[in-house]
Amino acid sequence: MRERTVELRGIKDEVERGSAKATEQQHAKGKLTARERIALLFDEGSFQEVEALRRHRATGFGLEDKRPYTDGAVTGWGTVHGRTVFTYAHDFRIFGGALGEAHATKIHKIMDMALAAGAPLVSLNDGAGARIQEGVSALAGYGGIFERNTRASGSIPQISVMLGPCAGGAAYSPALTDFVFMVRDTSQMFITGPDVVRAVTGEQISQNGLGGADVHAEMSGVAHFAYDDEETCLADVRYLLSMLPDNNRQAPPAVSATDPVDRRCDVLHDLVPTDGSRPYDMRQVIEELVDGGEHMEVHERWAINVICTLARLGGQVVGIVANQPRSLAGALDIHSSEKAARFVQFCDSFNIPLVTLVDVPGFLPGVEQEHGGIIRHGAKLLYAYCNATVPRISVVLRKAYGGAYIVMDSRSIGADLSYAWPANEIAVMGAEGAANVVFRRQIAAADDPESTRAQLVKEYKTELMHPYYAAESGLVDDVIDPAETRRILIRSLDMLREKHAPLPVRKHGNQPV
């Protein structure tokens, strides 16, 4: 037995080292190996590998003479901040990380284990797609991954980390997961590569120009986060996991609050201008409100007229959705509606309370928006909020006009509590536009139309747009001192922690697409 154990140790050491030449080539590309990435992701010494000695059984095209251990996939589990997390990592040093039947079976197994254990799944992607030599068996392997991604959706957090190429059908697995991380220059995602694009359309473009990290973080919205190096990327994966529950049956992990829960935020008096036409940075508001000013923004560089971020209030994790007046005056458009809807849906899936900071002039007007389907895209955000059963609190900071006011988690669509600052304006539209519609004949018939318009605008504001009109109508629960916002939010969330709001019995809703 001692001799056999020595033999086993030798085999496993060889598996863990891998080919020195292939490792050197991987490093020369500016990339870490699969095992180096796993070491960065997990707590030291906690990773337990599964099926390290697995080999493929394929024949033909020389495969029978090349049967490396692991078959190019490192799978297993470990701990991140002491909590169990499962992973699979493509090992580009073996078959270029290409997926074959044995490779896929290992991934299927670890995905099934993650779902059964009720623990997050992190995929470390660095593969050349399906293993061509194994034909349709490799394609079927991807099908099994997609089916499991879908089955796990909303049950356990799924995070995809793109650390190399991901082309063709393989790109759909990350798209089915909750979050996609990418590293600049070394990771790319696309359905058809530059060569195919050039052959079909004549367009000349590089791999990074077609599907690099910045493209997907800024233009397509496929990537939620983009980084310059793998170390920083994996550190933020760990940070994100620290704010997520293990599964949909648990609450997010709480920590002891070091930032006083009753801290006043007097700077907010000067940070947000009362003039609705003046921009400001909503991120500064968020940083003033949340614990220690720390938050993790999702899709920071895509659809920037709305902010979606994870933070803590009083040690408890919350999801914050906020209009950003620095971009498009904070108006909702197609992309921002999609971005916010997906975030609201994620938070609701994993029991993360929602705080909505409202400063919205409406939906973005224009032919492009209407023809692009702003109606159905805006309905996605409306559906997500209406369907959410987690605690929901909205705060109107300044203006909230028209249908966008309703969509941004108003009381009328189910917000548990709605607060407003004393400079708020909640109305069908701005006073100028409203006066032009309501009093158009009176203005046209006046001897001095401009003076008459100014007077009528003032009257409209006095009657229907004063800060307490919504409170008088019961559409706002309270008008609050901005400096008290943090304390009130924390107390309100504490009260709502045991909220229970069952949905109608149904298979699932038919949400807008």
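All heavy atoms count here, side chains included; hydrogens, waters and symmetry mates do not.
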Item to complete: Measure across I320 and A311 and return the closest heavy-atom pair with its distance rounded to 0.1 Å.
Response: CD1-CB, 4.3 Å

Discussion item. Tell me every residue that passes ring pair (Phe, Tyr, Trp, His ring centres under 6.0 Å) with Y88, counting only those two or more places apart in sequence or in another chain.
Written reply: H90

Fill in: By salt bridge (charged side-chain N to carboxylate O under 4.0 Å, His left out) - contacts of D291 (at least two apart)
R486

Fill in: Minimal non-hydrogen separation, F350 against P245, with atom names
O-CG, 3.4 Å

Worksheet item: Hey, what do you get for CG (L40) to OG1 (T232), rounding to the nearest 0.5 Å?
Response: 10.0 Å

Worksheet item: Donor-acceptor pair, N351 side chain versus N248 backbone, under 3.5 Å?
Response: yes

Worksheet item: Checking D477 side chain against S418 main chain: does a donor-acceptor pair fall under 3.5 Å?
Response: yes

Fill in: Side chains of N208 and S206, donor plus acceptor under 3.5 Å
no

Item to complete: Report the residues that fulfil side-chain contact (heavy atoms from CB on, under 4.5 Å) with A415, sequence neighbours left out, ordered by chain and then residue number.
Response: S394, D409

Item to complete: Please report the closest heavy-atom contact between V407 and Y385, naming both atoms and the distance.
Response: O-CD1, 3.1 Å

Worksheet item: Checking S336 side chain against L332 main chain: does a donor-acceptor pair fall under 3.5 Å?
Response: no

Discussion item. Between T309 (side chain only) and E297 (backbone N and O only), is there a donor and an acceptor less than 3.5 Å apart?
Written reply: yes

Practice prompt. Assess whether atom CD of Q250 is packed by more than 12 heavy atoms of other residues, nucleotides or ligands within 6.0 Å.
Written response: yes

Discussion item. Take a 6.0 Å sphere around CD of E498 and say whether it holds more than 12 heavy atoms from other residues, nucleotides or ligands.
Written reply: no

Discussion item. Test of understanding: with ring pair (Phe, Tyr, Trp, His ring centres under 6.0 Å), list the residues that count as partners of H335, not counting sequence neighbours.
Written reply: W302

Response to the item:
Note: L397 and Y280 closest approach over all heavy atoms is CD2-OH, 3.8 Å

Worksheet entry | Set of residues satisfying salt bridge (charged side-chain N to carboxylate O under 4.0 Å, His left out) with respect to R398, sequence neighbours excluded | D359

Item to complete: Start with the C-alpha distance between R283 and E300, add both sets of side-chain angles, then the distance that settles side-chain contact (heavy atoms from CB on, under 4.5 Å), and finish with yes or no.
Response: CA-CA 11 Å; R283 286 191 187 91; E300 181 180 357; 3.8 Å; yes

Worksheet item: Looking only at atom types and distance, does a side-chain atom of Q188 sit under 3.5 Å from a main-chain N or O of D185, one as donor and one as acceptor?
Response: yes

Worksheet entry | Heavy-atom side-chain proximity of L496 to R392 below 4.5 angstrom | no

Compile the donor-acceptor pairs under 3.5 Å between side chains in residues 170-179 and protein atoms, sequence neighbours left out, one pair per line.
from : atom 1 : to   : atom 2 : distance (Å)
S173 : OG     : N149 : OD1    : 2.7
T177 : OG1    : S160 : OG     : 2.9
T177 : OG1    : P174 : O      : 2.6
D178 : OD2    : Q158 : N      : 2.8

Discussion item. Check this for me: does any side-chain nitrogen of one of R491 and D494 sit under 4.0 Å from a carboxylate oxygen of the other?
Written reply: no

Worksheet entry | With R263 via salt bridge (charged side-chain N to carboxylate O under 4.0 Å, His left out) - residues at least two apart | D259, E288

Fill in: Sub-4.5 Å side-chain heavy-atom contact between R37 and T87
no

Item to complete: Using the salt bridge (Lys or Arg N to Asp or Glu O under 4.0 Å) rule, collect all pairs that involve residues 317-333, keeping only residues at least two apart or in two chains.
Response: D281-R326

Item to complete: For residues V122 and L41, determine if any side-chain heavy atom of one lies less than 4.5 Å from a side-chain heavy atom of the other.
Response: yes

Practice prompt. Could you name each residue pair satisfying salt bridge (Lys or Arg N to Asp or Glu O under 4.0 Å) that touches residues 146-165, not counting sequence neighbours?
Written response: D112-R148, D112-R151, E147-R151

Worksheet item: Can you check whether C386 reaches Y383 side chain to side chain, under 4.5 Å on heavy atoms?
Response: no

Worksheet item: Taking K339 for the side chain and H299 for the main chain, is one N or O donor matched with an acceptor at less than 3.5 Å?
Response: yes

Discussion item. Between N247 (side chain only) and R249 (backbone N and O only), is there a donor and an acceptor less than 3.5 Å apart?
Written reply: yes

Worksheet item: Heavy atoms, side chains only, cut-off 4.5 Å: are K31 and V183 in contact?
Response: no

Fill in: D228 and R184 ion-paired at < 4.0 Å
yes

Response to the item:
G209 and V215 have their tightest heavy-atom pair at O-CG2, 3.4 Å

Worksheet item: Sequence neighbours excluded, which residues qualify as ring pair (Phe, Tyr, Trp, His ring centres under 6.0 Å) partners of F225?
Response: F181

Discussion item. Among I307, V306, L310, exactly one meets side-chain contact (heavy atoms from CB on, under 4.5 Å) together with F343. Which residue is that?
Written reply: L310

Worksheet item: Does a side-chain heavy-atom distance below 4.5 Å link Q316 with R497?
Response: yes

Discussion item. If you count heavy atoms of other groups shown closer than 6.0 angstrom to CG of D275, is the number above 12?
Written reply: yes

Worksheet item: Looking at K380 and E338, does any basic side-chain N land under 4.0 Å from a carboxylate oxygen?
Response: yes

Practice prompt. Can you run down the ring-ring contact (aromatic ring centres under 6.0 Å, His included) pairs that involve residues 494-513, sequence neighbours left out, and say none if there aren't any?
Written response: none

Fill in: S153 (side chain) donor-acceptor with T150 (main chain) under 3.5 angstrom
no

Response to the item:
Residues passing the ring pair (Phe, Tyr, Trp, His ring centres under 6.0 Å) test with W421, sequence neighbours excluded, are none

Discussion item. Quick check on I304: does its CD1 atom have over 12 non-hydrogen neighbours (other residues, nucleotides or ligands) under 6.0 Å away?
Written reply: no

Worksheet item: Would you find a donor on one side and an acceptor on the other, under 3.5 Å apart, between the side chain of E36 and the backbone of T33?
Response: yes

Fill in: Test item: S327 side-chain N/O and Q324 main-chain N/O as donor-acceptor pair under 3.5 Å
no

Response to the item:
Interatomic distance, OH@Y401 vs CE@M408, rounded to 0.5 Å, equals 15.5 Å

